[in-house]
Amino acid sequence: MQKKYSVLLLILALAATSGLPHGRELEERQIITALCVDRFDAEISLTALTAVRASENEEPELLAAQGFDMDSAIRSLQSARASQAYLGQTEKLLLGEGIAASELLKTLEYVLDHHDLRLDTLLYVVKGSAGEGLSATAPTVSGETPGRDERGVSVAWALSQLCEGRRVEIPALALGDKGSLEPAGWAVLAPSGLLGYTGKTVTASVCGEGARYG
């Protein structure tokens with residue numbers, strides 16, 4: 001049975017989300033800035049982009065993990081390296097077309113129920129495979145400064161609308177001519193999943209001026 005959540009419940013859940021680890025505990029973790037979720041056959045596939053620490057000479061890294069559901073895939077991602085992946089600062093959640101069409105509410109409800117990700121994480125739908133899109137884009141964004149996406153829609157807002165039976169429009173992304181993820185109109189979502197796309201590709205970047213993705 002489809003869960004029903006009020007806006008108030010979502011706000012309370014957001015407030016209850018655990019805060020950042022402190023001091024050395026955070027330094028020893030790999031901070032994830034973007035997380036892609038795809039469904040391939042019987043497995044959930046995750047692709048994550050790590051943050052670059054300003055105080056260290058390092059490059060963004062892609063992490064990948066699989067599981068039979070979101071919970072097992074997240075646990076696999078967090079144990080993929082000796083330095084545990086930390087999802088509490090993830091800025092963007094990118095859903096591939098397949099999972100957006102078949103397991104939309106189930107995926108978003110995971111964010112609400114488990115608190116691995118924040119409810120104010122921005123939500124996107126990627127045409128095709130989200131993981132492949134991020135993998136193609138990651139090498140081009142090293143050193144770029146991300147900005148706030150003015151088109152951004154939070155997981156909390158999208159989930160509250162969908163659980164009221166409404167349709168919502170979420171920013172869509174697709175691989176552009178330069179081989180990186182670019183804005184590609186809007187994905188139309190209903191409680192049943194992805195319905196299709198609308199609107200023309202906009203010229204603004206999802207990361208702000210001068211950046212293709214971040």
Side-chain angles (χ1 to χ4, degrees), residues 32-40 44-51 60 62-64 70 73 87 90-108 110-111 117-162 166-214:
I32 302 302
T33 60
L35 179 68
C36 297
V37 186
D38 290 292
R39 163 69 78 177
F40 297 117
I44 294 289
S45 177
L46 303 180
T47 306
L49 181 66
T50 65
L62 283 171
L63 305 179
M70 276 292 292
L87 296 166
T90 302
E91 299 169 351
K92 300 176 179 70
L93 177 63
L94 290 76
L95 304 183
E97 278 185 326
I99 201 160
S102 62
E103 299 176 59
L104 175 63
L105 279 181
K106 185 176 180 180
T107 303
L108 298 184
Y110 176 89
V111 180
L117 295 155
R118 301 194 316 261
L119 284 166
D120 61 348
T121 301
L122 298 183
L123 180 64
Y124 297 85
V125 171
V126 179
K127 295 181 178 181
S129 165
E132 290 179 4
L134 183 63
S135 297
T137 301
T140 71
V141 299
S142 177
E144 293 183 349
T145 302
R148 186 72 175 177
D149 184 7
E150 295 182 355
R151 303 193 309 157
V153 172
S154 71
V155 170
W157 182 85
L159 183 55
S160 67
Q161 298 301 302
L162 291 168
R166 299 188 179 99
R167 294 185 180 184
V168 297
E169 292 184 358
I170 300 298
L173 303 173
L175 285 175
D177 295 337
K178 297 182 179 180
S180 59
L181 285 176
E182 298 176 356
W186 301 84
V188 182
L189 306 181
S192 59
L194 175 65
L195 299 180
Y197 301 94
T198 186
K200 297 180 179 179
T201 300
V202 298
T203 56
S205 166
V206 296
C207 289
E209 185 177 354
R212 289 178 291 275
Y213 189 84

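- Taking 4.5 Å as the limit, some side-chain heavy atom of Leu134 sits within range of a side-chain heavy atom of Leu62.
- The heavy-atom pair separating Trp186 from Pro171 by the smallest distance is CE3-N, 3.6 Å.
- Within the 4.5 Å cutoff, no side-chain heavy atoms of Leu175 are placed close to those of Ser180.
- The backbone N or O of Ala130 lies less than 3.5 Å from a partner atom in the side chain of Asp38, making a donor-acceptor pair.
- Here Thr107 contributes atom OG1 and Met70 contributes atom CE; the two are 6.0 Å apart, rounded to the nearest 0.5 Å.
- For Gly131 against Cys36, the heavy-atom pair with the smallest separation is N-CB, 3.8 Å.
- Take Ile170 and apply the side chain to side chain contact (heavy atoms under 4.5 Å, CB included) test, not counting sequence neighbours, and it matches Leu123, Val153, Ala158, Val168, Leu189.
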Full working for side chain to side chain contact (heavy atoms under 4.5 Å, CB included) between Lys92 and Thr33:
CA-CA 7 Å; Lys92 300 176 179 70; Thr33 60; over 6 Å; no
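- Distance check: Glu132 CD to Thr47 OG1 gives 8.5 Å after rounding to the nearest 0.5 Å.
- Here the straight-line distance linking atom CG of Leu93 with atom OH of Tyr124 works out to 10.5 Å at 0.5 Å rounding.
- In terms of modelled atom types and a separation under 3.5 Å, the side chain of Ser154 and the main chain of Thr121 share no donor-acceptor contact.
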(Q) Applying side chain to side chain contact (heavy atoms under 4.5 Å, CB included) to Leu49 and Ile32, what does each step give before you reach the verdict? (A) CA-CA 6 Å; Leu49 181 66; Ile32 302 302; 5.9 Å; no
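- Closest non-hydrogen pair, Leu162 versus Arg166, comes out as CD2-O, 3.6 Å.
- The shortest distance between side-chain heavy atoms of Leu159 and Leu105 falls below 4.5 Å.
- Leu46 places a side-chain heavy atom less than 4.5 Å from the side chain of Leu35.
- Closest approach of Arg151 to Gly185, counting heavy atoms only: NH1-O, 2.9 Å.
- With contacts defined as side-chain heavy-atom distances shorter than 4.5 Å, the pair Val155/Leu117 does not qualify.
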task: Output, in order, the C-alpha distance, side-chain angles, deciding distance and verdict of side chain to side chain contact (heavy atoms under 4.5 Å, CB included) for Val37 and Leu94.
output: CA-CA 6 Å; Val37 186; Leu94 290 76; over 6 Å; no
Self-check item: salt bridge (Lys or Arg N to Asp or Glu O under 4.0 Å) between Lys127 and Glu97, worked out
Solution: CA-CA 6 Å; Lys127 295 181 178 181; Glu97 278 185 326; over 6 Å; no
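- A side chain to side chain contact (heavy atoms under 4.5 Å, CB included) with Val188 is found for one member of Thr198, Leu194, Val125 and no other, namely Thr198.
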Worked verdict on Leu104 versus Ile99 for side chain to side chain contact (heavy atoms under 4.5 Å, CB included) | CA-CA 6 Å; Leu104 175 63; Ile99 201 160; over 6 Å; no
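- A donor and an acceptor atom, one from each side chain of Tyr197 and Glu169, are nowhere located under 3.5 Å apart.
- In this structure, the side chains of Arg39 and Ile44 come closer than 4.5 Å at one or more pairs of heavy atoms.
- Two residues are said to be in side-chain contact when any heavy atoms from C-beta on lie closer than 4.5 Å; Val126 and Leu181 meet this criterion.
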